[in-house]
Structures are given as C-alpha cells and as structure tokens.
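Below you'll find the structure, written out as structure tokens, and then a few comments.
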Amino acid sequence: MDAAPDRPKGGLFYGWYVVATVFFIQTVACGLGFYNLSVFLKAFVSDGGFSVSAVSSANAAFFLANGIAGLAVGWALDRYDPRILITIGAIASGVALACAGHVRSLPELYAFYILFGAGYAATAVIPGTTIVARWFNRERSKAIAYASTGLSLGGIIFTPISVTLIQTLGLQHAAYWLAFMFIVGSIPVTWFFLRARPSDMGLAPDGDPVVEKHEHGGHLSDGVGFDVAIRSRFFIFCTIAFVFSMMAQVGALAHQFRLIAERTDNDHMAALAVSLMAAGSISGRLIGGWALSRIQSKNYLVGVMVLQTFSYALFAITYGSVPLVIVSIMFGTTVGNIQMMLPLIMAEAFGLRAYARILSLAQMLITCANAFGPMVVGVLYERGSGYGVPFAFLVCMSALGLAAMIAAGPAGVPARRPT
C-alpha cells in the first residue's frame, strides 16, 4: 500500500491549522477566564460589596473546580470528540459569566466560580495541548509554544475590554457581553477547524507519511503507561514543583490588577500593566519555543523559575507606575513559559501512550493547589494592610517549587514499546 501524502501539494500541513485554532480558542477562553480573575476580584469587591478575603477565598473554588473537572476532561479526551467537550465547556463558562452581575450572596459567589472553573477546564489548556501534542512529534515544543501563546494574547486583548465594559456598563450588563464573546469566540471555530488527531484526515504527525504504527495519528503506543508514570520520581517531584510555582503565580495574577491599581490609584494603569504582562508572556513563549530546541527542557524551566522568584520579590517592594510596569513585563515572561512547560515536559518524559490522563492528573493536583494562592494572598493582605508580606510569601512558595524541580532528576524519554 502506498503511503498517503503528508499534505496537499503546495499546501501547509493541517497540524498548523490545528495550532492556529487552539491558539484562537485559548486567546478567547484565557483572556475572558484566567486573566480576568483579577478584574472580577476588584469588581466583586467594588460593585458587589464583598471583602477582598471573601472574593479571594471564593476565587479558590474556580481552581478546585477546574482541577477536578480537568481530571474528567483528560479521561474523556481518549473517548469522545474534543469538539463536544470544548462546546460544553464554553456554554458552561458563558452561563457563569452571564450570571456574574447577579451575584448577591457568598453562596452565589462560590457557585459562579465553581461553574466558571469547570467550564474553563473543558475549553482551554488540557484539550488544546493534548490535541496539539497528538499532531506533532519532532516540532512539538514549537507547536505547543505557538498554540499556548493564545493564553497570553487573551490577557492583552480582553483585560482592557473587560475593564472598560465593567466601568462603562457596570458588572451586571457587562457580564452579558463577556458571556457572548466567550461562546461566539470559542464554539464556531472549534467545529469548523479543529480535528482530534491526524488520522482523522488520513495524516500522520508532523506531516510524515502514514505507516501502520500510527495509531490514532499520534504514536499513542509510544511512552509508558499511566500507573508507571505517576509513580516515577520525575512525575512526583515535577508535579510538586509546579504545585508551588503555579500557586505563587496564580496568587500574583489574581491580585496583580488590584496591587497596581492601589499603588498607582489608576485602574487604567493597572489594566495596561496586566496587558503588558501578557505581552511579556507572549515574548517569553516565543523565546521558549526557539530556545527549547537548543536547551534541555528542565534546565530552561529552572532558569525561568529563578526569574519568577525574583519578580515576586520586586513586586513586594516596588511602587510607582513605571517600575510596576517593568516588573509586570518581567513577571509576564515567566508566566508564559511556566504555563507552557507542564504539557511539554510531560509529553517529553512519558510519551503519548497515556498523555491526556497523566497531564490531567498533574493539572488537577496543581490546579487544586492553585486555589490557595489567591486565598492566602487575600488573607495576608487584610491582616497586614498591604501587599508586601503577601508577595514575600509568594517568594517562598516559588523557591520551594524551584527546589523540587531540581530534585526531580532527569526527564528521560522512555523507550518505545512495540504495538
């Protein structure tokens, strides 16, 4: 049997259209979801009359719901069309956003974050990176870097839009527009362009000729099983490293807008800083996509974690518009890289055999731990009347993550097993 062509004559390998689609979906989902958490925190405090610690604690429910739902998403990705999962997630997120302006009590606040977090899990990182990983082998780091750049672009585009809408229309009316943008920006492009795996189109990863061992278009027999992977030293310590690093990062992201608005007395300056942070995140991802073909993944990640720890120390002591913008950009370069590295380093270490389940378990543990970042920062802020002590706490968390990553040992690529 002759090998199928790797792409139409004169055309681009369809995997790059998948990358562009995931990029677009993550721009919308993360811009209106992850990066908007700090905007919602301030809106619920200002418009809803909730305390900072109350909203920070409720914010934790977003990450708990995201982590638990993500575990189910990882299981479902091996069994169902990911377009169905993304559609369900987008609708759930849109419903949550539409209800944001009607939140009046603490139980309603928790319900908002729980529904929003569960919907976000099915829309953004886990399905997107899993699909991209299936479409690429040799160019996986570049493809994941490009696709995940949407995470950062979303902050640049949607943070200023959200702030302007909330200030102009109020949270109740702005929430309807945010919900509309989430649903319309996610669902149509998913069904038009997204495909679960190369074999759905008679292709193989990277546009290589199709051969018999390409099961589901992605060498899914390559790598180690789920039980072996989760008991390995690398999985355990790498997950611990991301638990502490992401706990610190999410705590900083949830409070960055309010910290800068408070220290500059200017909401628009705070929105600009968040947008420039997201721009720094894009630059960091693109630099990472280039550098990872030349530097060992673990060594690169350790360097990024060092820079992230230094950024928190600067946030703790920095005042003034220009210095805070500079620190935000520095912080942004680490945000983009650390978020990108988990799916990439798990694929490199364990292959694609049980990738969705391995990633979703790690993501669940990390995301549930993330819930405590914003909450602890909020509690420390109210007890200490400022952000100096809370960000010193984030320095400690980030340093613990760095130590765990060093202790994880080498991320060896497992030998390929016969089909």
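Note: hydrogens, waters and symmetry copies are ignored here, and every other heavy atom, side chains too, is used.
Listed for the Thr130 side chain is no donor-acceptor partner under 3.5 Å among the backbone atoms of Pro127. Between the side chain of Arg134 and the backbone N or O of Leu352, no donor-acceptor pair lies under 3.5 Å. Remark: side-chain polar atoms of Asn337 are paired, donor with acceptor, to backbone N or O of Gly284 under 3.5 angstrom. Ser398 places no side-chain N or O within donor-acceptor distance of the main-chain N or O of Val395, the cut-off being under 3.5 Å. Without hydrogens or angle criteria, Tyr113 side chain to Leu64 main chain gives no donor-acceptor distance under 3.5 Å. Tyr312 contributes a side-chain N or O that, together with a main-chain N or O of Gln249, makes up a donor-acceptor pair within less than 3.5 Å. The backbone N or O of Met277 sits nowhere less than 3.5 Å from a side-chain atom of Ser281 that would complete a donor-acceptor pair. Judged by distance alone, the side chain of Ser93 and the main-chain N or O of Tyr120 form a donor-acceptor pair under 3.5 Å.
Side-chain atoms of Val304 and Met341, non-hydrogen and from C-beta on, never get closer than 4.5 Å to each other. Side-chain contact between Val302 and Leu402: present, with at least one pair of heavy atoms (C-beta onward) separated by less than 4.5 Å. Leu359 is listed as a side-chain neighbour of Pro343, based on a closest heavy-atom distance under 4.5 Å. Taking 4.5 Å as the limit, some side-chain heavy atom of Thr123 sits within range of a side-chain heavy atom of Phe182. Between Ile236 and Ile240 there is a side-chain heavy-atom pair separated by less than 4.5 Å. Using a 4.5 Å heavy-atom threshold, the side chains of Lys298 and Cys238 count as separate. In this structure, the side chains of Phe242 and Gln363 stay at 4.5 Å or more apart for every pair of heavy atoms. Residues Ile161 and Met181 meet the side-chain proximity criterion, which asks for heavy atoms closer than 4.5 Å.
With sequence neighbours left out, Arg263 forms a salt bridge (charged side-chain N to carboxylate O under 4.0 Å, His left out) with no residue at all.
Counting heavy-atom neighbours within 6.0 Å of Arg104 CZ, excluding the residue itself, gives a total above 12. Within 6.0 Å of the CG atom in Asp265, the count of heavy atoms belonging to other residues, nucleotides or ligands does not exceed 12. The number of heavy atoms from other shown groups lying within 6.0 Å of CZ (Phe23) is above 12. Other residues, nucleotides and ligands place more than 12 heavy atoms under 6.0 Å from the CZ atom of Phe226.
Taking CG from Asp81 and CZ from Arg195, the interatomic distance works out to 9.0 Å, rounded to the nearest 0.5 Å. The CH2 atom of Trp191 lies 5.0 Å from the CD1 atom of Ile84; values are rounded to the nearest 0.5 Å.
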In sequence, state the C-alpha distance, the side-chain angles, and the governing distance for Phe257 and Leu41, and then conclude on side chain to side chain contact (heavy atoms under 4.5 Å, CB included).
-> CA-CA 9 Å; Phe257 181 86; Leu41 187 149; over 6 Å; no

Is there a side chain to side chain contact (heavy atoms under 4.5 Å, CB included) between Leu394 and Phe391 once you walk through the steps?
-> CA-CA 5 Å; Leu394 297 185; Phe391 273 79; 3.8 Å; yes

Criterion ring-ring contact (aromatic ring centres under 6.0 Å, His included) on Phe112 and Phe62, from CA distance to verdict | CA-CA 8 Å; Phe112 163 77; Phe62 174 93; 8.5 Å; no

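Ring to ring, Trp16 and Phe136 are close: their centroids are under 6.0 angstrom apart.
Nearest heavy atoms, Gly225 versus Ala354: C-CB, 4.3 Å.
No side-chain N or O of Tyr381 forms a donor-acceptor pair with one of His255 less than 3.5 Å apart. A donor and an acceptor atom, one from each side chain of Arg285 and Ser148, are located under 3.5 Å apart.
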Could you pull out every donor-acceptor pair under 3.5 Å between side chains of residues 168-179 and any protein atom, sequence neighbours left out?
residue : atom : partner : partner atom : Å
Thr168  : OG1  : Thr164  : O            : 2.7
Tyr176  : OH   : His102  : NE2          : 2.6

